[in-house]
Peer 1: 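This is the structure, below, for whatever I ask next.
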Amino acid sequence: MTDGWSDAFDDFAARFAGRFGGVEPRRRMVSYLRGLLSETERKNGWTLAEAAGDDGPQGMQRLLNHYLWDADAVRDDVRNAVVEHLGDPERGILILDETGFLKKGVRSAGVARQYSGTAGRIENSQVGVFLGGCLQKPLSCVDAGRMLTPVR
């Protein structure tokens, strides 16, 4: 990364630091965010951990499953940062999209035999609902996705 990008990234990540109590959760959040913004093709606990130089995914899993932080507040902070830099509150629009992700196994969160619009029939799938805000300068989307858990 170039120094200019690194400085801008550090400023961006600092906006969220207060949402994470303690040094380790903040450090882990920065590593996680760097991984999400990286060119790593598949982004999951293992690949993000490897990108951060970790031996395994436990640290990233701890960030998501153990450390206390408010995911909704962080999402709102990200949305506010994007709107601040790219948005036009007068001409922005919201787009709601329900998308099915076909799955072969049943080990991922929310996977079940359920109707998937992607397949046009009942299949093993995950269903996500995404709310994107399309803003004016240049076109950007702020995602507020939710994975729907099937009723069992």
Side-chain angles (χ1 to χ4, degrees), residues 1-111 116-118 125-150:
M1 279 184 238
T2 66
D3 287 335
W5 194 93
S6 242
D7 291 343
F9 173 82
D10 291 342
D11 291 343
F12 182 73
R15 294 178 74 135
F16 316 111
R19 301 289 186 188
F20 299 83
V23 173
E24 179 56 22
R26 288 181 186 132
R27 187 185 71 71
R28 186 60 60 185
M29 176 271 295
V30 169
S31 295
Y32 186 80
L33 186 54
R34 276 191 193 278
L36 290 177
L37 295 173
S38 75
E39 293 183 14
T40 302
E41 187 173 326
R42 293 186 56 117
K43 294 179 170 89
N44 58 49
W46 274 102
T47 59
L48 295 178
E50 288 171 349
D54 296 339
D55 292 332
Q58 296 83 359
M60 294 300 175
Q61 290 170 343
R62 222 175 3 265
L63 171 67
L64 300 174
N65 298 322
H66 178 70
Y67 295 139
L68 296 177
W69 57 283
D70 185 340
D72 291 333
V74 171
R75 181 207 55 228
D76 293 347
D77 290 345
V78 170
R79 181 198 59 229
N80 292 340
V82 170
V83 168
E84 177 183 313
H85 292 295
L86 302 175
D88 181 343
E90 299 298 319
R91 297 189 291 182
I93 61 170
L94 295 176
I95 300 169
L96 184 66
D97 176 51
E98 174 249 318
T99 302
F101 304 95
L102 300 181
K103 297 290 185 176
K104 292 185 184 203
V106 293
R107 299 178 81 186
S108 298
V111 172
S116 167
T118 302
S125 62
Q126 292 172 320
V127 176
V129 176
F130 302 91
L131 177 64
C134 287
L135 312 168
Q136 266 321 85
K137 332 177 248 190
L139 179 65
S140 59
C141 287
V142 180
D143 179 73
R146 294 281 188 243
M147 187 64 68
L148 301 180
T149 306

Peer 1: According to side chain to side chain contact (heavy atoms under 4.5 Å, CB included), who are the partners of D76, at least two apart in sequence or on a separate chain?
Peer 2: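 R79.
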
Peer 1: Just verifying a value: how many Å separate N80 CG and R75 CZ, rounded to the nearest 0.5 Å?
Peer 2: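 The CZ atom of R75 is 10.0 Å from CG of N80, to the nearest 0.5 Å.
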
Peer 1: Is there side-chain contact between V30 and F9, with at least one heavy-atom pair below 4.5 Å?
Peer 2: yes

Peer 1: Taking D10 first and then R34, would you say they form a salt bridge - that is, a charged N and a carboxylate O separated by under 4.0 Å?
Peer 2: yes

Peer 1: Which atoms form the tightest heavy-atom contact between G56 and W46, and what is the distance?
Peer 2: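 Scanning both residues, the minimum pair turns out to be CA-CZ3, 3.6 Å.
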
Peer 1: Looking only at heavy atoms, what is the nearest atom pair of R26 and A17, with distance?
Peer 2: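 The pair with the smallest heavy-atom distance is NE-O, 2.8 Å.
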
Peer 1: State which residues pass side chain to side chain donor-acceptor pair (under 3.5 Å) with Q61; sequence neighbours excluded, sorted by chain then number.
Peer 2: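 Residues passing side chain to side chain donor-acceptor pair (under 3.5 Å) with Q61: none at all.
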
Peer 1: If you compare all heavy atoms of G35 against all heavy atoms of S38, which two are closest, and at what distance to 0.1 Å?
Peer 2: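 So the minimum-distance heavy-atom pair works out to O-OG, 2.7 Å.
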
Peer 1: Output the distance between atom NE2 (H66) and atom CD (E24), rounded to the nearest 0.5 Å.
Peer 2: 10.5 Å

Peer 1: Just jot down the side chain to side chain contact (heavy atoms under 4.5 Å, CB included) partners of L102, sequence neighbours excluded, or say none.
Peer 2: S116, A119, E123, S125

Peer 1: Using the side chain to side chain donor-acceptor pair (under 3.5 Å) criterion, which residues pair with D77? Sequence neighbours excluded.
Peer 2: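 With sequence neighbours excluded, D77 shows a side chain to side chain donor-acceptor pair (under 3.5 Å) to R19, given in chain and number order.
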
Peer 1: Using a 6.0 Å cut-off, check whether atom CG of D55 has over 12 heavy atoms from anything other than its own residue.
Peer 2: no

Peer 1: Decide yes or no for L48 and L36: does some side-chain heavy atom of the first lie under 4.5 Å from some side-chain heavy atom of the second?
Peer 2: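 Side-chain contact under 4.5 Å: yes.
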
Peer 1: Applying side chain to side chain contact (heavy atoms under 4.5 Å, CB included), name anything that partners T99, two or more places apart in sequence or on another chain.
Peer 2: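 For T99 the side chain to side chain contact (heavy atoms under 4.5 Å, CB included) partners, ignoring immediate neighbours, are D97, F101, T118, F130.
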
Peer 1: Say you draw a straight line from CG of L63 to CZ of F20; how long is it, rounded to the nearest 0.5 Å?
Peer 2: 5.5 Å

Peer 1: Roughly how far, to the nearest 0.5 Å, is CE of M29 from CH2 of W69?
Peer 2: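 Those atoms lie 9.5 Å apart.
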
Peer 1: What distance do Y32 atom OH and K43 atom NZ have between them, rounded to the nearest 0.5 Å?
Peer 2: 10.5 Å

Peer 1: List for me each residue that meets side chain to side chain contact (heavy atoms under 4.5 Å, CB included) alongside A49, sequence neighbours excluded, and say none if there are none.
Peer 2: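 A49: side chain to side chain contact (heavy atoms under 4.5 Å, CB included) contacts with D54, M60.
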
Peer 1: So, for G105 and V111, which heavy atoms are closest and what is the spacing to 0.1 Å?
Peer 2: O-CG1, 3.1 Å

